[in-house]
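Everything quoted here is computed from the prediction, not taken from an experiment.
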Amino acid sequence: MKSFRFCFLMLTIAILASPALSDLVLSKVDRRIYLTSHIVRISSTVKVENAGPEKESLVLLAFPEQQAKNMAYLMATPHEGKGKVKNPVVALPVEAANPKDMPAALTFYSVSLPKGLAEGDSFTFDVLAVFTHALRPIPEQITQADIQLVLYQDSAHYLSPYAVKVQSLSVKLPDSRIESYTKLENTKIHGSEIKYGPYENLPSFSYSPIAVHFESNLPFAVAQELVREIEISHWGNVQVTEHYKLIHGGAQSKGEFSRLDFLARPNVRGASAFRYLVANLPPRAHSVYYRDEIGNISTSHLRGDSKKTELLIEPRYPMFGGWRTAFTIGYGLPLQDFLYESDGKRFLNITFSSPMVELVIDALIVKVVLPEGSSDISVAASFPVEQWQETKISHLDIDGRPVVVLKKTNVVPQHNQFFQVYYHFSQLSMLREPLMLISGFFFFFVACIVYMHADISISKSSASYLAKQQWEEVQAVIQQVQNIISRCLTTHDNLEASLRDLSRTGNIQACKAARKAADGLLKELSKELKPLLTFLQSSPSAAQVLPKVEELVAKERELQEKVMVKHSTVVDGYEKKLGARDIENRVALQQQKLTALRQEVDDLLEFIDEI
Amino acid sequence: MSNSYTSDILKPFKLKTKQQELLIRVLILCLVYILAFITRLFSVLRYESMIHEFDPYFNYRTTLYVTQHGFYDFWNWFDYESWYPLGRIVGGTLYPGLMVTAALIYRLLHFLRFAVHIREVCVLTAPFFASNTTLVAYFFGKEIWDSGAGLVAAILIAVCPGYISRSVAGSYDNEGVAIFALLFTFYLFVKAVNTGSLAWGLASAFGYFYMVSAWGGYVFIINLIPLYVLVLLITGRYSMRLYVAYNCLYILGMLLAMQIRFVGFQHVQSGEHMAAMGVFFLMQVFYFLDWVKHMLSDTNLFQEFLRITVTCAVAVGGIALGVGMASGYISPWTGRFYSLLDPTYAKDHIPIIASVSEHQPTAWSSFMFDFHILLFLFPAGLYFCFKRLSDATIFIVMYGLTSMYFAGVMVRLILVATPAVCLISAIAVSATVKNLTVLLRSKTKVAQIGSTKGTSSAKASSKASLDQSQPFQKNGAMALLFGAFYLLSRYATHCTWVTSEAYSSPSIVLAARGAHGNRVIFDDYREAYFWLRQNTPLDAKVMSWWDYGYQITAMGNRTVIVDNNTWNNTHIATVGRAMSSYEDEAYEIIRSLDVDYVLVVFGGVTGYSSDDINKYKLSYYRFGEMMTEYGKPPGYDRARGVEIGNKDIKLEHLEEAFTTSNWIVRIYKVKPPNNRW
């Protein structure tokens, strides 16, 4: 501690020795340091005045090395008075600067003013600087019951290459419990706020170290690595998957962890631990999941309305200092909320960083997975990022989907700005995957058909193969026989139908014509039947079926004769103008035999069918 | 009129009866295939797509290794993370069939561009193979009875709880694929015996190889098949078909099985495999005698020759076996084998086998639970099998009877009996239903004739005898048929209920009903394992009872002292002693084992009874101050239902490092030794 302060003292002396940079003077500086989170925010309102004759348009901001290396974000905006309607402010361009003759221990940034300042002109702007890892836990190791104390160091005087006329500083703490703080002249304390100043007419590079040692039990959630994968599907979904590697960045816990104490008084015995994280997801986020390498984590809650979706996740265990965890959250977003089209190019417009509240990310990797077949990819982000391209092979991809990878270190919530990925994508490429699936199934079925119909046996001369083939031939022939028989049976039915027509209309001629046609047909059919029967008789493998088939044919012939006889009897009866009842009586016996025969034929057909 | 018109139009599309039957059969099989898969997904719906229980975690870890490092690295893998400080030669001490299968499916899916995670493949491997088993059951049923029995067998086995218990989604264990392999090998062998075809024999040898690579239960095959062959020989059913089938299976199967490092030369060196070898030689003697009989026309001479040959063969066999045993070339039967034949053996000689709940003798209720109506259909099926004896039915009868015996000895062997029980029951169902429907159909036909005949009586009188018995018979058949369908539908309901209630819990995540009927989830195991994974040094050694070894290595990614592969009883005993000794003594052992963390499972807060209460000091540390239940004194143990006596437990060499939210898992850190000065 002491040597540290001594260092600063030396630094101050060194700085004081160097000459003033220009004729700019800071007429008023108000600084507010927010220590209400583990992300330190310093917001300064700076009124700059040109005292020299030359026109100036650049203002330098100086940060000691200690702070500069923790700086995650720096933004300058023109100051708007209090109470005014907030217009969308345009940030002033800020660049890293390396002016000559300046102490090496300082890092400079230059703010370009909207217009040059002439002599006597003044301009007021706000600077917001965000620092990570700026709070040092002291003591570095605490037990479960201890509260966590952190130390913050800065200068009570605004460190600037310009002289400062009036300045003040206020330090906002999360809590009024303060272990110690540096007391200087004009130091006041109001509850959880410490005020330094006002100080007047300090030369350039004034430095007066202060240290605040205070209690902070806010979640020190630090993601050592976060990989965000944003996958676009033109079927209507943007899938976001975020892989976190999280650590509690506060004081290391030591000694026992007692669940009993933690259960009984979680706010006392476990004050420094955090139990949950909150993520503000975009509205209409759906299919949210929360899991890790070994499975789903059931402790999460999702609330949503039309403006936002709030996801509260609890790690598997309470996070004490130095404890780690790793998990993945994922959610789907409707495509139309994030994908737009301009000048024939599509572009994705989505936030860059994590949706988690108050999370520091040491290394953030954003991967945007575009659909397969995208081209002309370009990225527009409002801050510098490392960028390269990869490919990812996912479902049904042939040569992989192009992936734009963006990497940024030291990310704070202020980086959660929209960025754009522009690309070309033809609508027709969307059909590629469904077509692949369809053709896959098509070829599968074709293969099945080919397999069912192709003869793939190897030896065409083996006995079993020949027997099988013969049997197949026999089956085909029997099939034909069956066809013929069933055609015969339909002819019989037709004859019966003609008899019914006769009884209704009394048209004997028509009935006779039907009889003639049937006669011809049956004759033809029996002719067709002959070669088939001879084949069956000659074939050895048909031996067991043959008797049945022959019986069938015989029965059918008998049936045929009976039908003919009945037909002639009925027609005769009508010709002789006998009464309907008379005719019925005459054919009754025949009818019985016919039915029995028909039944037998049907049985035989069925039997042969089952072979 | 219009009706006939439409039927005329549809005529070209109308399928013949045979085609209709084929279509219906294929359709039913497809549905059964899907049913078998989806009925096993209860666990995924209730919980999540995760690996269950204990052993599957090891299988999952090794599968992950195969997919990441390739097969050869896996084959030569020396695992430093288990059995510290001994380690384990993983490639040589496991059956790789399951892992290789899953890895191949994974590769195939990725080749077809389905970018699935290996975990999903592992979770769904068992249901997928269960679906395949239904197909095999169909073909097997068709082979031994008819296609109807095959269909019924497929349906029965698709939902049979005895099989589902080991093949729900997430139950990524050897049995998942092994039952498929077992039934497939049997089917191919029966097919080979039925056809006498060398091709089927070859296929059965490969089926056997797959079975050997997948599960230690292959010993059942290599003993059942020789027994079956022996029975056929004794009953005079020896045939050339049998000769071809058995020799092909035995020789090729043996050579192939030797390629599995874990099995090695056991086929020629272990007592458990000697029956197969004996039957193999017996087959050769039979064949030789057949040939001699064929050559010698004189029966007397042949009788003489037979006597001499049989005596010689038996003597040579006996001497060879004796010498082999005496010289130690042939190892005696292992304890596991003995414990199968004699249910009381394990209790006296190998307590670690007897201590596992799934190795207990089966209670009657679990037979009822796992088989339901199949238990009654099984004897009926045996009756039908005996009525129509053939080589195939003898096989299924023997398979059924032996496996039923083993199922009675050990609970987990119900699994092996399930396919046989399903097949035999299917024969009973199919034969009964077929007989009943034939009765019904013939009657309806006669009835039709009767009605069309109308007033006539000439023919009717001839069939009067048939007609008389008809009304009663018909109604009886109808009633029986409805009864059968009622029973089968009860079976389906029972199976669904058992699957959903009893067999779909991953046992890593415990679910209970809260006070308001809501579902409470105890995810303590994963909480603890993940804590170990994230918050302990990479080389930390964790001591726990062996049940949790696989899970700690797979989920916690930390080295364990003992795990579920209980190959070294001394090591387990050392850990057991450390767990149950006084702290000072235990500390000595813990130091000598270089342990960093001690993990115990404790159910006193939640009433979870399968915990490690004999490590009471670690379990009850600071439990005396805990209010577990309203209206009970602090320190009330809900699992045992008593208030603990000693509420002030002090630990000297250990300190509490982590306790999960429901106290189920407690992890203690071993303190470094005190400075001597």
Side-chain angles (χ1 to χ4, degrees), chain A residues 144 245-247 253 255-264 289 291-299 314-320 322-327 392-398 400 433 436 440 464 475 479 482 493 588-589 591-593 595-596 598-599 602-603 605-606 609-611, chain B residues 16-18 21 47-51 110 112-116 119 197 445-446 448-449 452-456 458-459 506 508-509 521 523-531 533-535 551 554-557 605 621-623 625-627 651 655-663 666-669:
Chain A
Q144 186 184 353
K245 276 188 189 149
L246 210 69
I247 188 170
S253 82
E256 284 199 337
F257 161 69
S258 170
R259 175 66 73 171
L260 180 74
D261 292 341
F262 186 74
L263 277 180
Y289 65 84
R291 56 172 297 134
D292 59 25
E293 277 165 284
I294 61 170
N296 180 52
I297 308 168
S298 51
T299 45
E314 283 179 47
R316 287 194 187 269
Y317 38 84
M319 295 288 290
F320 280 88
W323 283 17
R324 289 156 204 278
T325 189
F327 59 85
K392 178 194 175 185
I393 292 186
S394 185
H395 295 299
L396 299 177
D397 287 346
I398 295 167
E433 292 178 355
M436 263 170 74
S464 65
Q475 272 184 320
Q479 192 67 51
Q482 278 179 319
D493 288 345
L589 204 68
Q591 186 61 45
Q592 264 179 32
K593 278 182 191 156
T595 326
R598 183 65 188 258
Q599 185 63 42
D602 279 347
D603 280 352
L605 268 178
E606 205 171 291
D609 206 35
E610 271 175 24
I611 287 170
Chain B
K16 280 172 283 184
T17 328
K18 215 156 207 174
E21 197 237 342
Y47 296 89
E48 59 183 278
S49 166
M50 68 185 291
I51 308 286
H110 274 251
L112 294 174
R113 295 292 195 233
F114 290 101
V116 291
R119 186 189 55 244
S197 142
K445 252 178 220 165
V446 176
Q448 262 180 10
I449 295 166
T452 44
K453 266 188 244 170
T455 52
S456 70
K459 276 260 167 166
I508 298 279
V509 182
I521 283 184
D523 203 357
D524 286 40
Y525 282 109
R526 289 195 295 185
E527 183 182 339
Y529 297 144
F530 204 67
W531 184 85
R533 189 189 186 103
Q534 293 288 332
N535 297 312
Q551 292 179 351
M555 285 194 272
N557 195 21
V605 175
Y621 177 63
R622 298 203 66 186
F623 182 66
E625 302 159 49
M626 171 82 182
M627 288 290 289
L651 292 175
E655 66 178 13
E656 187 177 357
F658 186 72
T659 298
T660 57
S661 43
N662 299 301
W663 292 55
R666 309 195 70 181
I667 300 170
Y668 292 85
K669 190 174 194 295

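Looking at M50(B), there are no atoms closer than 4.5 Å to chain A (heavy atoms on both sides), in backbone or side chain. Using a 4.5 Å cut-off between heavy atoms, D292(A) contacts chain B through its side chain alone, with no backbone atom that close. For a residue to count as touching a neighbouring chain, one of its non-hydrogen atoms must lie under 4.5 Å from one of that chain's; by this rule L589(A) does not touch chain B. At a 4.5 Å heavy-atom cutoff, the contact between R533(B) and chain A is made by side-chain atoms alone.
Contact count versus chain A (heavy atoms, under 4.5 Å) is highest, among T660(B), I508(B), D524(B), for T660(B). Here A326(A) is the residue among A326(A), G295(A), G440(A) with the most heavy-atom pairs under 4.5 Å with chain B. In terms of heavy-atom pairs under 4.5 Å with chain B, the best-connected choice from S298(A), S394(A), S258(A) is S258(A).
To the nearest 0.5 angstrom, K669(B) atom NZ is 15.5 Å from F257(A) atom CZ. Note that OG1 of T659(B) and CG of L260(A) are 9.0 Å apart. Values are rounded to the nearest 0.5 Å.
No more than 12 heavy atoms of other residues, nucleotides or ligands sit less than 6.0 Å from atom NZ of K245(A). Atom CZ of R324(A) is surrounded by 12 or fewer heavy atoms from other residues, nucleotides or ligands within 6.0 Å.
A tilted orientation is assigned to the rings of H395(A) and F114(B), their planes being inclined by 30° to 60°.
Y47(B) is not listed as a side-chain neighbour of N296(A), based on a closest heavy-atom distance of 4.5 Å or more. In this structure, the side chains of W323(A) and F658(B) come closer than 4.5 Å at one or more pairs of heavy atoms. Side-chain contact between Y317(A) and N535(B) is present, with heavy atoms from C-beta onward closer than 4.5 Å. Here the side chains of R259(A) and E656(B) are in contact, with some heavy-atom distance below 4.5 Å.
In this model, no donor atom of one side chain and acceptor atom of the other lie less than 3.5 Å apart for Y289(A) and E48(B).
Under the 3.5 Å distance criterion, the side-chain polar atoms of R113(B) are matched with a main-chain donor or acceptor of I398(A).
Nearest heavy-atom pair, I294(A) versus R526(B), reported as atom, atom and distance to 0.1 Å: O-NH1, 3.1 Å.
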